[in-house]
Every structure is written in C-alpha cells, then in structure tokens.
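The chain is numbered in sequence order, starting from 1. These values consider heavy atoms only, across backbone and side chains, with no hydrogens, waters or symmetry-generated copies. Note that this is a predicted model, so its numbers are computed, not measured.
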Amino acid sequence: MLFLGAVRFVGVPLEGYGVFRAFVVGHWAEIRSVLETRTTQTNEAGRCAVLLPSLAAISAEEGRPLALIEVGASAGACLYPDRYAYSYAPGPFLEPDGGSPVPPLACSVAGDVPLPSALPVVAWRAGIDLNPLDARDDDDVRWLEALVWPEHVFRAERLRAALGVVRQDPPLLVRGDLNEQIAPLVRRAPHDAVVVVFHSAVLAYLDAAGRRRFHDTMTAFTADRDRPVHWLSHEGHGVLDGVPGAMEKVPGEQDGRFVLQHNGRSVARTGPHGQSIEWL
C-alpha cells in the first residue's frame, strides 16, 4: 500500500503495467523519497457509518454530549460523525441541521442494529497520530488521495468533501505514540462530556507488546468508576490480543470484514470502509 501510494503521489499514469513499470524505474529516486518520509494513513470518513450507532447509544445512555478521541487519527476526518449525512439500508436517512457537504455515507444493515433517530452532539474532538496530517496542507491532502484505490472514485470525492469539513473546524491533533499520549489526552477532555476513545484499522501497525499495552490501558479506563471511558475498536480479525474470541472468524466468514467492539465486547461485523454493519 505504501509503495502504490508513493507511485501515485509522484504521478504515475493510470495505464497498463508496461507504463507503470517504466514510470517506477524512471522516477525511482522520487518514489524512494516518498517511501522514506510517508506512512500509510488512510482517512476514511465512511467508517463513521458503522461507529455512529454505538456513539449515539453511548451519548443517550450517559445523557451527555461526546468527547471523541481517535487513535491513529491521520487528518481527523473520522472525528466528525455529527457533520455527515447517513443513508442506512434498511434504515433511516440522517443528516445534520442544514445538511452536509459530504455525500451521504451509505451503509447496508443486517441484524438488530440500534440505529439512532438523530445524530449525537459532539462537544470536543481530538486525535493522536505519529504523524498528524493537516487538511489545510496541499501535499498532505494529495497524499491521502494517493492512498485511495484509483477505481474508488466515490471514496476520493468523499475524502475531499470530508477534509473540507475538517478545514473549517480543525480538531486537536497530538503528535506521538498512542500508548504514551492516550492517558494525557483523556485527562484533557471536558468533564461534562462522555469520553469515547475509538480507532479503525490502526492496531495492526503495532507489535504484539504494543497492542497488549494499549488493551490493558483501555480496559483500565473502562473500569474506572470515577470517570468511565468508552472504547470502540474497529479492527480486522486477529489484531487485538487479549480479548478472548473477539477477533475469531466464524465458519464461512468472508475475508476483509472488520469487527466492531464496545469496551472489549464484539457487537458487530462490518465492511472495512463502513459500507456494511451486521449486528451480533
């Protein structure tokens, strides 16, 4: 993914393999420079569609607005679930007052998904990333676009629109290791809001020790009676160590689907880009 993104970032023509190979050989110095200075940081706003039911339920249960913290936030496009429109099938069409500049996030539904009747209120939003990207920086935007598969034109259009939302109201993005920064950031969240830490397609980039440490930290947060924190994990099978059975495939399971967990309990299987949700 990093290599293909780098080649697109440098400007490879979208033609056959012969053209592709000649371009890579002829522009290798530029491509190598991108490989050495960039990382894969896909920022897929569509994933908000599978997070929204849990986010809305948490806010309603706690009776408070949300304070969102995204681990592996990239440019922060997933920190704006309250600014997007949603089209669930079957299910409701939801949008913020005044509409959304982002095309509706389409999501197919199976099972008893607790779909909300309205969007939750987000009072505060922040993220952590080893290399936060700036939606106002043209090169960062070009890099995010290069990471979208070229045939996924609708995702590229959605990305551009979502980054426009981010540019209008930039979130707090903290540079650093997630295991070092998560506790201080939780402490910075406003006390009149319910804190939800979430991540999507992030933990695969940690080694086993790093994943175990993060799991233990989040488990302690969710058990804190003084200030409980909710934890939403949206990851592929086999990624999160320490949660018995959470990431096991069921017989006949199709490859590529993710598992959504709330406080370590699996609640849904999803499409990796938010295109489907099946409640368990």
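- Between Leu68 and Trp124, every side-chain heavy-atom pair lies at or beyond the 4.5 Å cut-off.
- No side-chain N or O of Thr222 forms a donor-acceptor pair with one of His230 less than 3.5 Å apart.
- In the displayed structure, Asp138 atom CG is contacted under 6.0 Å by at most 12 heavy atoms of other residues, nucleotides or ligands.
- Between Leu144 and Gln41 the shortest heavy-atom distance is CD2-O, 3.0 Å.
- Relative ring orientation between Tyr86 and Tyr88 is described as parallel, the plane-to-plane angle staying below 30° on a 0-90° scale split at 30° and 60°.
- Nearest heavy atoms, Ala75 versus Pro171: O-CG, 4.4 Å.
- For Arg136, the CZ atom is loosely surrounded, since the number of other residues' heavy atoms within 6.0 Å does not exceed 12.
- Taking both residues in full, the closest heavy atoms of Ala56 and Pro116 are given as CB-CB, 3.6 Å, listed atom of the first, atom of the second, then distance.
- Between the side chain of Arg269 and the main chain of Val259, no donor-acceptor pair closer than 3.5 Å is present.
- In this structure a side-chain-to-backbone donor-acceptor pair under 3.5 Å is present from Ser59 to Arg64.
- Between Phe23 and Gly11, the closest heavy-atom pair is CZ-C, 3.4 Å.
- No donor-acceptor distance shorter than 3.5 angstrom exists from the side chain of Ser33 to the backbone of Ala29, with no hydrogens or angles considered.
- A heavy-atom distance below 4.5 Å is not found between the side chains of Val12 and His27.
- Between the side chain of Arg158 and the backbone N or O of Val153 there is no donor-acceptor pair closer than 3.5 Å.
- Atom-to-atom distance recorded for Gln261:CD and Ser54:OG is 11.0 Å, nearest 0.5 angstrom.
- For Phe93, the CZ atom is densely surrounded, since the number of other residues' heavy atoms within 6.0 Å is greater than 12.
- Annotation: side chain of Asp82 is in contact with side chain of Val122 (closest heavy-atom distance under 4.5 Å).
- Between Trp231 and His199, the ring-plane angle classifies as tilted under the 30° and 60° cut-offs.
- In this structure, Val50 is a member of the same hydrophobic cluster as Val109, with clusters built from ILVMFWY side-chain heavy atoms closer than 4.5 Å.
- Using a 4.5 Å heavy-atom cutoff, the side chains of Val186 and Arg188 are not in contact.
- For the pair Leu147/Leu4, no side-chain contact is recorded, criterion being any heavy-atom separation below 4.5 Å from C-beta on.
- Both Phe20 and Leu2 are assigned to one and the same hydrophobic cluster, defined by single-linkage of ILVMFWY side chains at heavy-atom distances under 4.5 Å.
- With hydrogens and angles disregarded, no donor-acceptor distance shorter than 3.5 Å links the side chain of Asp140 to the backbone of Ala135.
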Could you go step by step and tell me if Leu206 and Leu178 meet the side-chain contact (heavy atoms from CB on, under 4.5 Å) rule?
-> CA-CA 10 Å; Leu206 275 65; Leu178 59 90; 3.6 Å; yes

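- Within a 6.0 Å sphere centred on CZ of Arg32, other residues, nucleotides and ligands contribute 12 heavy atoms or fewer.
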Run the numbers on Leu159 and Val148 for side-chain contact (heavy atoms from CB on, under 4.5 Å), then give the verdict.
-> CA-CA 9 Å; Leu159 171 66; Val148 176; 4.1 Å; yes

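- In this structure, Leu260 CG and Ser266 OG are separated by 8.5 Å, a value rounded to the nearest 0.5 Å.
- For the atom pair Asp129 CG and Gln181 CD, the distance stands at 11.5 Å (nearest 0.5 Å).
- For the pair Leu232/Val197, no side-chain contact is recorded, criterion being any heavy-atom separation below 4.5 Å from C-beta on.
- Cluster annotation: Val7 and Trp28 are assigned to the same hydrophobic cluster (Ile/Leu/Val/Met/Phe/Trp/Tyr, side-chain heavy-atom contacts under 4.5 Å, transitive).
- The only option from Ile277, Leu105, Val113, Leu94 that meets the side-chain contact (heavy atoms from CB on, under 4.5 Å) definition with Leu52 turns out to be Leu94.
- Here the CZ-SG distance, from Arg125 to Cys78, works out to 12.0 Å after rounding to the nearest 0.5 Å.
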Working for side-chain contact (heavy atoms from CB on, under 4.5 Å), residues His234 and Phe198 = CA-CA 8 Å; His234 185 233; Phe198 70 96; over 6 Å; no

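- Using a 4.0 Å cut-off between a side-chain N of Lys or Arg and a carboxylate O of Asp or Glu, Glu145 and Arg8 do not qualify as a salt bridge.
- Within the 3.5 Å criterion, the main-chain N or O of Ser233 finds no donor-acceptor partner in the side chain of Glu235.
- Using modelled atom types, one side-chain atom of Asn179 and one backbone atom of Phe214 make a donor-acceptor pair closer than 3.5 Å.
- Between the side chain of Arg47 and the backbone N or O of Pro272, at least one donor-acceptor pair lies under 3.5 Å.
- Under the 3.5 Å distance criterion, the side-chain polar atoms of Tyr84 are left unmatched by any main-chain donor or acceptor of Pro103.
- In terms of heavy-atom proximity, Val141 sits nearest to Asp134 at CG2-O, 4.4 Å.
- Scanning both residues, Leu115 and Pro90, for their nearest heavy atoms gives CD1-O, 3.9 Å.
- Atom CZ of residue Arg142 and atom CG of residue Asp139 lie 5.0 Å apart, to the nearest 0.5 angstrom.
- Hydrophobic clustering of Ile, Leu, Val, Met, Phe, Trp and Tyr side chains at less than 4.5 Å, counting indirect connections, keeps Ile58 apart from Leu185.
- Note: Leu173 CG to Ile128 CD1 = 10.0 Å, rounded to the nearest 0.5 Å.
- Between Val102 and Arg83, every side-chain heavy-atom pair lies at or beyond the 4.5 Å cut-off.
- Contact of the Leu130 side chain with the Arg175 side chain is not registered, since no non-hydrogen atoms from C-beta on lie closer than 4.5 Å.
- Follow the hydrophobic side-chain contacts under 4.5 Å out from Val196 and you reach Tyr80 in the same cluster.
- Under the 6.0 Å distance and 45° angle rule, Arg38 counts as a cation-pi partner of Phe9.
- Remark: the backbone N or O of Thr39 is not paired with any side-chain donor or acceptor of Asn131 at under 3.5 angstrom.
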Stepwise side-chain contact (heavy atoms from CB on, under 4.5 Å) test for Trp143 and Leu133 | CA-CA 9 Å; Trp143 175 240; Leu133 299 181; 4.2 Å; yes

